[in-house]
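All values derive from a computational prediction rather than experimental measurement. Reminder, nothing fancy here: chain letters follow the sequence lines and each chain counts from 1.
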There are 2 protein chains.
Amino acid sequence: MAGRSSSLAAAEGKAPAPRRTRNKPEERHKEFVRKAVELFAEIGFEAGTRELAQRLGVTQPLLYRYFPSKDDLIAAVYQEIYVNRWKPQWREGLLDESRPIRERIVAFYEDYAGTIFTPEWIRIYLFAGLRGVDINRRYAATVEEQILRPITLATRTSFGLGGGEPPTPEEVELFWTLQGGIFYYGVREIVYRFPMPVDRATMIRNAVDTFLTGVGPVLKRLAERSDAPA
Amino acid sequence: MAGRSSSLAAAEGKAPAPRRTRNKPEERHKEFVRKAVELFAEIGFEAGTRELAQRLGVTQPLLYRYFPSKDDLIAAVYQEIYVNRWKPQWREGLLDESRPIRERIVAFYEDYAGTIFTPEWIRIYLFAGLRGVDINRRYAATVEEQILRPITLATRTSFGLGGGEPPTPEEVELFWTLQGGIFYYGVREIVYRFPMPVDRATMIRNAVDTFLTGVGPVLKRLAERSDAPA
DNA sequence: TTATTTAATTATCGTTCGATAAATAACCTC
DNA sequence: GAGGTTATTTATCGAACGATAATTAAATAA
């Protein structure tokens, strides 16, 4: 109870007992990124470094010992979510010709939705897109290359249409609408918090059924048109 | 060149000649909202009121004569975009049974895309959704009520399936995936600036063709299942 | 135990933000 | 043309932001 009059800013009676536990830098780094993912998903990238520090039970300048700037922290968040959570077996499963095409596509979208339908993934993805960084362009390019082109070829094959040539842009775009339709289910559920009376698995099954039933004739028409030039 | 020493903050040599033209409040109000739409679409809602004032050639406190707070300005922006740009004839066109269902749906999505595929509409919509206001929930409810349920009923009818009962959630969800797939085309084009080698009209035609071709059997299965309870 | 290292803190700077109060000047009316 | 109304400006406040420098104390080594 003595002195302690040095600073009026001490906010009398609300000193939350600084921790001063000394952790290994590597663990701290991970801890910071993990909580940053959580915070940015909630508030967006304009979330303050002070808020993040408070949630970590740490002072704000300490963050700058681990990340030179806030943008570096954000870059680490991107890496964590969009690089580390990508599964190479998605592509492999889609190419596994021992299973029927419908089964492969449904299984993929169920696993994919299970991975990305979280507030961290979807909200930060949209925040990043609106911010104008190239994360989304690059991610979409990966989706097209690793998922949609394989799906397109596998579907073509399963309909007995020529499997040699690479997919045309028009074909790929067709599969983008399926991808977008399913992704937007997640946006409505997680971002808009729209009431979703139909569960994910049912939605995926119905969407894939509708798509696979209808895509045959359209693919055939596209193939015929490219076969017979003017 | 005399005096002028009153304030050091005059930023010597960069006084951009204040305008001091006296406009009618009503026009100013519209002018402010219009430019705010532009600015928020570019930067997001964290765009500063000073930046907005500068683009209007006006001082920042003047904004507060027309809008009590920044949130009121944002509310006016929502009204302008999501209420004023809604077209009641969308619903009417979809219900016009004198035209084939495919034609109605394609025509709707072409007009709808022409209306909402702009940076103002899509970017501000996503900003709003991430911000957590209820704009998106309400808008999505309107889409479901005014667009998707009519489409569902019209499609059912055109397939000769019972048209009496209201659409089931599962049926409506099916049409949401078409809506979402087309909407996400706009997100990729306008927000992610992904290269889009297939033009809108082609994408819409192919997506609707695929969907309408495939949706018949799925709708039939859903109808049968609800007819024959356990 | 003492010395060294460095994780973590305190203190603070310069900017920018939303918002308010007071002063000024353009337009309208008589 | 004088006087009043109010659109617009100048000046400024307090809070929050990202970032830096200097200080303190926990862990490790001698």
Exercise. Determine, using ring centers only, whether B/Tyr125 and B/Tyr82 are less than 6.0 Å apart.
Key: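 They qualify: ring centres under 6.0 Å apart.
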Quiz item: Of the residues in residues 65-77 of chain A, which ones touch DNA chain C at a heavy-atom distance under 4.0 Å?
Solution: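 Listed by number, they are A/Arg65, A/Tyr66.
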Quiz item: Do the numbers put B/Arg188 on top of the ring of A/Trp176, so that NZ or CZ is under 6.0 Å from the six-membered ring centre and no more than 45° off the axis?
Solution: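 Here B/Arg188 passes the 6.0 Å and 45° test against A/Trp176.
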Practice problem: Would you classify B/Ala53 as touching base, sugar-phosphate or nothing, given that sugar-phosphate means primed atoms plus P, OP1 and OP2, and contacts are heavy atoms under 4.0 Å? | Solution: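 No contact.
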Practice problem: Would you classify B/Gln60 as touching base, sugar-phosphate or nothing, given that sugar-phosphate means primed atoms plus P, OP1 and OP2, and contacts are heavy atoms under 4.0 Å? | Solution: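 Base contact.
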For residues [X] and [Y], is any side-chain donor paired with an opposing acceptor at under 3.5 Å?
{"X": "A/Gln60", "Y": "A/Thr49", "answer": "yes"}
{"X": "B/Asn206", "Y": "A/Glu173", "answer": "no"}
{"X": "A/Gln179", "Y": "B/Tyr184", "answer": "no"}
{"X": "A/Trp86", "Y": "A/Gln146", "answer": "no"}

Between [atom2] of [N] and [atom1] of [X], the distance in whole Å:
{"X": "B/Phe40", "N": "C/dG18", "atom1": "CZ", "atom2": "C1'", "answer": "12 Å"}
{"X": "B/Leu62", "N": "D/dT10", "atom1": "CG", "atom2": "C1'", "answer": "13 Å"}
{"X": "B/Glu46", "N": "D/dG18", "atom1": "CD", "atom2": "C1'", "answer": "15 Å"}
{"X": "A/Leu52", "N": "D/dA16", "atom1": "CG", "atom2": "C1'", "answer": "16 Å"}
{"X": "B/Leu63", "N": "C/dC17", "atom1": "CG", "atom2": "C1'", "answer": "13 Å"}
{"X": "B/Phe32", "N": "D/dT8", "atom1": "CZ", "atom2": "P", "answer": "7 Å"}
{"X": "A/Gln54", "N": "D/dG18", "atom1": "CD", "atom2": "P", "answer": "14 Å"}
{"X": "B/Asn23", "N": "D/dA7", "atom1": "CG", "atom2": "C1'", "answer": "9 Å"}

Self-check item: Five-pair end axes of the helix from C/dT1-D/dA30 to C/dC30-D/dG1, angle between them (10°)
Solution: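 Terminal axis comparison yields 0°.
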Exercise. Sequence neighbours left out, what passes salt bridge (Lys or Arg N to Asp or Glu O under 4.0 Å) with A/Asp71? Give chain and number order.
Key: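 Partners of A/Asp71 under the salt bridge (Lys or Arg N to Asp or Glu O under 4.0 Å) test: A/Arg131.
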Practice problem: Look at A/Thr59 and C/dA8 and indicate whether a side-chain polar atom (N or O) is within less than 4.0 Å of OP1 or OP2. | Solution: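 So the side chain of A/Thr59 is outside the cut-off, no N or O lying under 4.0 Å from OP1 or OP2 of C/dA8.
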Side chain of [X], heavy atoms from C-beta onward: which of [options] has the nearest atom to it?
{"X": "A/Tyr64", "options": "D/dT8, D/dT20, C/dA8", "value": "D/dT20"}
{"X": "B/Pro61", "options": "D/dT8, D/dG18, D/dT9", "value": "D/dT9"}
{"X": "B/Arg50", "options": "C/dG18, D/dT9, D/dT20", "value": "C/dG18"}

Quiz item: Is the shortest side-chain N to carboxylate O distance from B/Arg28 to B/Glu31 below 4.0 Å?
Solution: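 Yes, this pair counts.
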Quiz item: Hey, is CZ on A/Arg85 packed in by over 12 heavy atoms from elsewhere, all under 6.0 Å?
Solution: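 Yes - once you tally the heavy atoms of other residues, nucleotides and ligands closer than 6.0 Å, there are more than 12.
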